[in-house]
Amino acid sequence: MKNAHIVRKFNIPYLKELGNRYYVEGRPEIFHVSPDMLKMSTVDVILVSNYDSFLGLPFYTERSDFTGKIYVTEIAYQYGKLLMEEMLEFMERIEARTEVNNWKKEEICGKFPNPPFQNPMEWKPFYTAQEMHSCLTKVVTLSFNQTIDLFRIKITPIVSGHSYGSAYWTLKTENEKIAYLSASNQNALDVKPMEIDPLRNVDYILATSLSRLVDTTVQAMGHRLIKEISEVLKSHGSVLLPMCPVGPIFELIEAVSDLITSTNGISLDTPIYFISPMAKSAIAFASISAEWMAESRHNTVYVPEEPFSHNHLIRSGRLKIYDSLYGNFSKEFKTPCVIFASHASLRVGDAAHMVEVLGSDPKNAVIVTDPDLPCEDVREPFRTLPIKFLNIPMDFRMDFGSMERLLADVKPKYVLCSAVYTRPLILRRPDLQINYEKLWPIEYDECIQLAKLSRNKQKLVSVNVHPAVVKNLKFKQHPTKKVAIAKIVCHLSAFNDDFKLVPAQTRIARKKYGRVTLPKLLKELRNQHIDVVDTEEEGKDTVLECRGLHARIIFNEDGNRSKIQTSNDQSRARLQGVFRAILVEDDGIVGRRVEEERNAA
């Protein structure tokens, strides 16, 4: 800000004061969940639901021990990559400081009139271009409804209806089906509609990222947005819409153009500016991404027509695209106008500079549409300027009412969600929370075991068999059933929840079975010429003294537990041979009755 001046009492040159608020002049830093807390080294797979979530990936994949893979739909990957590149461009424009961050000390930032909400020592710098490219090498793109098999789990991205390429995920094991429902919308108009059928007959739905709108809809917000733009333009003011260069901006550009064309009192020469280093790429992707859009736009490709009128607006001169505010824009800029520029936070990017350009005229307006950014926080550094700030959040996520209707329709066995969603968003408004019969709230940093939730301890698994295991099978008749059976000798390999029967590399001793009784034991001892010189009773146990072997046998009357006590290894081996002589070697017959075992013994 041009009007900001140095805070003299701290003698820190990059600490500026504006309107009795202190600000740090430099590259913004990010406060995010620590990768150490998430134990990224134990994470095998990251599922990305939309391009907004894609933006933060390098904080977790590059500054940790993460070695897994990232799965995302193709168009969400392309748009997310554009957002990464745009943010890196904005960061590069800001001169990096070499000074030590003394302002982060509690004795300094704690005395700010606007102290930080979190400990600034935990804030991290934005990732580098090298970290971004390293992160992108870990990405695997998928198509909608394409199923992959990871660690015996079948994972599928399903259309969620929130934004271009957005998906919710189903995870299917041999025992249960789980749906991760993030940022979805059943009433999408411009993107592919949400698919509901895959949610039927699921065992668990993990629900998150619900709309923050209260007593209104995104359609109503859209009508209000167009109305406010119309009022500002009619009063010969200009409108700044700070937002990212992909997604809803495509429809808004068309809507604003239609408004200019159809509204009396607005000059037909009113320009629309789209300012972003990624603007041209975003428009190009929008023109070739019809398969990710609603059917009405998708069908235009076969006419043939473009799904959006952007290129027509560019050719006619109404829509003007610039990489930045510098160069040609500064020469061609005129008002009144409508400007689309990043970043929505107004802390970096061209939008923040445009607020200063338009800020002195009260006829102008900044319209904040990001539902996750409080308008007052966005406005704070500019609150001394006459320009109007309007808050019209465009939240395309499912609201609580839609979620309740969806759950009543698909009827999952259990719903898991943040504990925040199980309490009313507003006091005494039970309709502003998730309501379901079997609801499991999850607290911060809590780990949930689904087996405990369902109390189902029995799990079925498939086991792959190596061909060598069954190569020389010898079948014989089952003793009680009309089937042929054969025994196999192998090892069970279990790794990453993948089970295989593999050939045994060493000889496997056959198990013995049967029931040892005291008479049988005494008889076998006599047969092997081992004298028992004394017996005594200790509760349910009988103690046999074998003085010649300097050993004793503690025998349980149930015959299911015996103990040999001796310090002589040869004596121990000889007594173990006595027990083996009583038991019968396993012949591989399954289904043998207990009576048969006893008779065989």
Side-chain angles (χ1 to χ4, degrees), residues 1-5 14 16-29 83 86-87 89-95 114 126 225 228-233 235-245 248-249 252-253 256 270-279 320-394:
M1 289 290 291
K2 297 176 181 178
N3 299 329
H5 57 271
Y14 52 82
K16 302 297 180 69
E17 181 180 3
L18 181 69
N20 196 34
R21 296 287 190 275
Y22 294 169
Y23 299 95
V24 179
E25 187 176 55
R27 291 184 179 178
E29 294 183 333
L83 295 182
E86 183 188 58
M87 283 298 293
E89 170 70 20
F90 291 157
M91 293 297 174
E92 286 298 319
R93 294 179 187 176
I94 303 172
E95 183 179 356
N114 53 327
F126 204 75
L225 175 62
E228 293 291 352
I229 294 174
S230 175
E231 294 300 320
V232 173
L233 294 178
S235 64
H236 304 289
S238 295
V239 178
L240 172 63
L241 288 152
M243 59 175 56
C244 74
I249 191 173
L252 275 176
I253 288 175
V256 170
T270 302
I272 302 172
Y273 297 113
F274 183 7
I275 308 170
S276 168
M278 301 299 132
K320 301 178 184 296
I321 296 179
Y322 299 92
D323 292 335
S324 69
L325 302 183
Y326 312 104
N328 291 335
F329 176 79
S330 59
K331 301 174 185 177
E332 301 172 3
F333 173 63
K334 69 175 186 177
T335 59
C337 62
V338 178
I339 304 170
F340 295 90
S342 288
H343 181 265
S345 67
L346 296 184
R347 297 301 184 270
V348 293
D350 299 301
H353 295 290
M354 282 308 305
V355 177
E356 294 190 82
V357 173
L358 302 174
S360 59
D361 191 342
K363 294 195 300 293
N364 298 332
V366 177
I367 302 181
V368 178
T369 60
D370 194 313
D372 295 320
L373 294 175
C375 184
E376 289 304 311
D377 291 347
V378 173
R379 181 189 183 187
E380 187 60 36
F382 311 99
R383 62 194 180 92
T384 58
L385 298 177
I387 190 171
K388 297 189 292 289
F389 272 75
L390 304 175
N391 184 34
I392 307 179
M394 301 291 292

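Throughout, numbering of the chain's residues begins at 1 and tracks the sequence.
Atom SG in Cys244 sits 8.0 Å away from atom CG in Asp370 (nearest 0.5 Å). From Leu346, atom CG reaches atom CG of Leu373 across 9.0 Å, with rounding to the nearest 0.5 Å. Of the inter-residue distances, the one linking Leu240 atom CG with Leu390 atom CG reads 11.0 Å to the nearest 0.5 angstrom. Note: Asn20 CG to Thr384 OG1 = 12.0 Å, rounded to the nearest 0.5 Å. Taken to the nearest 0.5 Å, the CG atom of Leu241 stands 8.0 Å off from the CD1 atom of Ile249. Distance check: Lys334 NZ to Glu332 CD gives 10.5 Å after rounding to the nearest 0.5 Å.
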Using the side chain to side chain contact (heavy atoms under 4.5 Å, CB included) rule, take Phe333 and Thr335 through it: C-alpha gap first, then chi angles, then the decisive distance, then the call. CA-CA 7 Å; Phe333 173 63; Thr335 59; 3.5 Å; yes
One pair to check against side chain to side chain contact (heavy atoms under 4.5 Å, CB included): Leu325 and Ile275. What are the steps and the verdict? CA-CA 7 Å; Leu325 302 183; Ile275 308 170; 3.6 Å; yes
Could you go through Leu252 and Met243, starting from their C-alpha distance and side-chain angles, then the distance that decides it, and tell me whether this counts as side chain to side chain contact (heavy atoms under 4.5 Å, CB included)? CA-CA 11 Å; Leu252 275 176; Met243 59 175 56; 3.5 Å; yes
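Here the side chain of Ser238 pairs a donor or acceptor atom with the backbone of Cys337 at under 3.5 angstrom. Panel note: side chain Asn114, backbone Tyr22; a donor-acceptor pair is recorded below 3.5 Å. Of the possible donor and acceptor atoms, none in the side chain of Arg347 sits under 3.5 Å from a partner among the backbone N and O of Arg27.
With a 4.5 Å cut-off on side-chain heavy atoms, Thr369 and Asn391 do not count as touching. By the 4.5 Å heavy-atom criterion applied to side chains, Ile367 and Leu225 are counted as neighbours. Contact annotation: the side chain of Val355 approaches that of Val366 to within less than 4.5 Å [non-hydrogen atoms, C-beta and beyond]. When side chains are defined from C-beta on, Ile387 does not count as touching Asp361, because their heavy atoms never get closer than 4.5 Å. With a 4.5 Å cut-off on side-chain heavy atoms, Lys320 and Ile272 do not count as touching. At least one side-chain heavy atom of Met87 sits less than 4.5 Å from a side-chain heavy atom of Val348. Residues Ile339 and Leu358 are in side-chain contact: their nearest non-hydrogen atoms beyond the backbone lie under 4.5 Å apart. Using a 4.5 Å heavy-atom threshold, the side chains of Cys375 and Ile392 count as separate.
Atom NZ of Lys388 has more than 12 neighbouring heavy atoms from other residues, nucleotides or ligands inside a 6.0 Å radius.
Using a 4.0 Å cut-off between a side-chain N of Lys or Arg and a carboxylate O of Asp or Glu, Glu17 and Arg21 do not qualify as a salt bridge. With salt bridges taken as basic N to acidic carboxylate O contacts below 4.0 Å, one links Asp350 and Arg93.
None of Arg379, Glu376, Arg383 except one satisfies the side-chain contact (heavy atoms from CB on, under 4.5 Å) rule with Phe389; the exception is Arg379.
Nearest approach of Pro386 to Gly359, heavy atoms of both residues: CD-O, 3.0 Å. In this structure, Ser276 and Glu86 approach most closely via the heavy-atom pair OG-OE2, 2.6 Å. In this structure, Pro28 and Ile94 approach most closely via the heavy-atom pair CD-CD1, 3.7 Å. Across all their heavy atoms, Met394 and Pro371 have their closest contact at O-CD, 3.8 Å. Summarising the geometry of Ser330 relative to Gly327, their closest heavy-atom pair is OG-O, 2.7 Å, with the distance given to 0.1 Å. When all heavy atoms of Phe90 and Pro277 are compared, the closest pair comes out as CE2-CD, 3.9 Å.
Between Phe274 and Tyr322, the distance from one ring center to the other does not fall under 6.0 angstrom. For an aromatic pair to be called close, the ring centres must be under 6.0 Å apart, and Tyr273 with Phe329 satisfies this.
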